[in-house]
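The chains referred to below are lettered A, B, ... by the order of the sequence lines, with proteins before strands, and numbering in each begins at 1.
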Amino acid sequence: MKILFFGRLGESIGREIDFDLPPGGITIAELRASLAESHAALGAANVRACIDREIVPEAARVLPGQEVAFIPPLSGG
Amino acid sequence: MVRLEPRELRPADELERFIAGLAGDGAVVSFVGLARPAGATGGAVTGLFLDAYPGMTEASLEAIAADARARFEVSAVAIVHRSGTIVPGAPIVFAAAAAPHRRAAFEAADYLMDRLKTDAALWKREDGPGGSAWIEPAQGDRADRARWSD
């Protein structure tokens, strides 16, 4: 599945990367830990995860077909 | 009327369109935000870049507009926000409120801007001769947002 990044994360990591989702899914916390091995910026506490464009808690489970994104704090308009 | 605008924002056109859609209101208050030539830390800014998350950013603008409609005696509100690259002096945001009487329109427009400055799902980068920096809401923006806390 594709994982999306915005703001400074989009600049440093790229807009999207491919991730092999294990059967049965994975929690956001597990996904974050896995991605942070190669992208340390994702380990920051103020980086939030979204599933299908809604901010979700770390325990949320990512399932096939969903859209996942990591976002830094909003800048506002 | 809520829209994310990746190209040029023309405030006069937006205001004309907003007014044309009204029926029986006595007041319209509109606000236009322009890109400043100086950044948050005082340095020169040659361009702003606003990164948007398609779908999520529009939803955040819709939510702010809906909250304004629920909170004030307004008949319509408008938010048109730029994304992408914006040069100093160019419009970033158009916000407007229409109401039977002016007070609600003034308050709703004020509210729209205070909410937008902190709650719009946008990521802002200032580009200048000294480099680029990603920006988070200023303390003053948070204080303005808190004015409307219930």
query: Taking A:P72, A:S75, A:G76 one by one, which has the highest count of heavy-atom pairs under 4.5 Å against chain B?
result: A:S75

- line: Comparing B:G55, B:S60, B:A121 against chain A, the one with the most heavy-atom pairs below 4.5 Å turns out to be B:A121

message: Suppose we call two aromatic rings close when their centres sit under 6.0 Å apart. Are B:F94 and B:F31 close by that rule?
response: no

message: Pairing donors with acceptors under 3.5 angstrom, does anything connect the side chains of B:Y53 and A:E67?
response: yes

message: Just so I understand: if I count every heavy-atom pair under 4.5 Å between each of B:D119, B:I135, B:I92, B:L61 and chain A, which residue has the most?
response: B:I135

field: Pair B:W134-B:E126, side-chain donor/acceptor within less than 3.5 Å
entry: no

- request: Would you confirm whether the ring centroid of B:W148 sits within less than 6.0 angstrom of the ring centroid of B:F72?
  value: yes

